[in-house]
Amino acid sequence: MTAEKQLRAVHGKRGIGHEGQVADYLRRVLRKEANDGSGLVYGMGHAVYTLSDPRAVICKRYARQLAQGTEYQPEFELIETIERLTPELFAEVKGSSKAICANIDMYSGLVYKMLGIPEELFTPLFAVARQAGWTAHRFEELATGRRIIRPAYKSLDGNRAYEPLAQRESFASQLKKSGIASFEDAPND
């Protein structure tokens, strides 16, 4: 039985008012006693977006609009309840103060379902949407000989005045000034 079906069974016909049962089920998931035993609440958490995933915010807004007044509204409300309860329960069960928020996948499955996309295509859609990024990461790994990580970016240049594109020096000119005639001459450290 999928987690979604288990949650629907727990949630039952009694409506959204039975958050205690949903919370109990989520605790069991987080303790690896329910769902697939991974301890993960799928659709929650992201390596980079810890406070808010802007993609999830947009997807949720559209999911709400699509579900409003339809047979999908209770499912939307259930997912919204899971999104709201999970951070607190994660802290309670895992003893962690790590921030956790919904990611793009929290509402995308429901949106796919409301659009009439067969469930068998959910995973291929997930993969196809990410293929360009995965490929780019692999190319970069091969070119640099290093594993891709997600480093934080902090500019050390300070603030600079905006320079219109037409007035900017080309990247190639900047490389030549620094003694690099082509990418082959660039240091690979």
Side-chain angles (χ1 to χ4, degrees), residues 1-94 96 98-139 148-150:
M1 182 182 284
T2 67
E4 178 186 340
K5 289 177 184 169
Q6 290 173 343
L7 272 168
R8 275 204 221 124
V10 165
H11 207 256
K13 297 178 182 175
R14 291 171 272 182
I16 203 73
H18 293 277
E19 287 185 11
Q21 290 176 301
V22 174
D24 289 343
Y25 179 76
L26 289 171
R27 282 185 191 94
R28 290 181 29 233
V29 168
L30 290 165
R31 287 192 303 257
K32 302 180 181 185
E33 299 167 354
N35 196 19
D36 63 1
S38 68
L40 300 173
V41 177
Y42 296 109
M44 293 296 295
H46 191 275
V48 175
Y49 301 122
T50 55
L51 300 178
S52 177
D53 181 341
R55 305 164 308 161
V57 171
I58 293 167
C59 189
K60 178 180 179 178
R61 183 173 60 233
Y62 285 109
R64 175 182 280 119
Q65 289 173 4
L66 287 168
Q68 189 73 38
T70 71
E71 71 270 20
Y72 298 108
Q73 187 167 344
E75 191 169 345
F76 173 84
E77 291 169 354
L78 174 60
I79 294 169
E80 194 172 43
T81 300
I82 294 165
E83 176 188 8
R84 188 170 23 78
L85 293 176
T86 298
E88 178 184 330
L89 296 172
F90 182 83
E92 173 191 311
V93 172
K94 303 284 186 180
S96 171
K98 178 182 170 187
I100 185 171
C101 67
N103 62 46
I104 183 63
D105 299 315
M106 188 68 163
Y107 292 91
S108 60
L110 178 60
V111 170
Y112 293 162
K113 185 189 297 187
M114 290 188 289
L115 293 174
I117 296 172
E119 194 170 328
E120 309 81 61
L121 294 179
F122 290 9
T123 300
L125 278 172
F126 171 92
V128 167
R130 288 157 177 81
Q131 192 62 48
W134 291 340
T135 302
H137 280 181
R138 183 62 181 141
F139 285 159
I148 297 294
I149 58 170
R150 292 186 171 109

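Here the structure is a predicted model, which is why all the values come from computation and not from measurement.
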Can you tell me how far apart [atom1] ([X]) and [atom2] ([Y]) are? Round to the nearest 0.5 Å.
X      : Y     : atom1 : atom2 : result
Tyr107 : Arg64 : OH    : CZ    : 7.0 Å
Leu26  : Glu92 : CG    : CD    : 10.5 Å
Leu30  : Arg27 : CG    : CZ    : 9.5 Å
Tyr25  : Ile82 : OH    : CD1   : 9.0 Å
Leu110 : Ile79 : CG    : CD1   : 4.5 Å
Asp105 : His46 : CG    : NE2   : 8.5 Å

Answer whether the closest heavy-atom distance between the side chains of [X] and [Y] falls below 4.5 Å.
X      : Y      : value
Met44  : Phe90  : no
Thr81  : Arg84  : yes
Lys98  : Thr50  : no
Tyr42  : Asn35  : yes
Tyr72  : Leu66  : no
Lys60  : Val57  : no
Cys101 : Met106 : no
Tyr112 : Glu119 : no

* Asked: Can you tell me if CD on Gln73 sees more than 12 non-hydrogen neighbours from other groups inside 6.0 Å?
  -> yes

* Crowding at NZ, Lys94 (>12 non-hydrogen neighbours, <6.0 Å) -> yes

* Hey, mind stepping through Phe76 and Glu80 against side-chain contact (heavy atoms from CB on, under 4.5 Å) and telling me if it holds? -> CA-CA 6 Å; Phe76 173 84; Glu80 194 172 43; 3.7 Å; yes

* Counting N and O atoms only, with roles assigned by atom type, does the side chain of Arg28 sit under 3.5 Å from a partner on the main chain of Asp24, one being a donor and the other an acceptor? -> no

* Counting distance only, does the side-chain N/O of Thr86 pair as donor-acceptor with the main-chain N or O of Glu83 below 3.5 Å? -> no

* Which heavy-atom pair separates Cys59 from Ile104 by the least distance, and what is that distance? -> CB-CD1, 3.7 Å

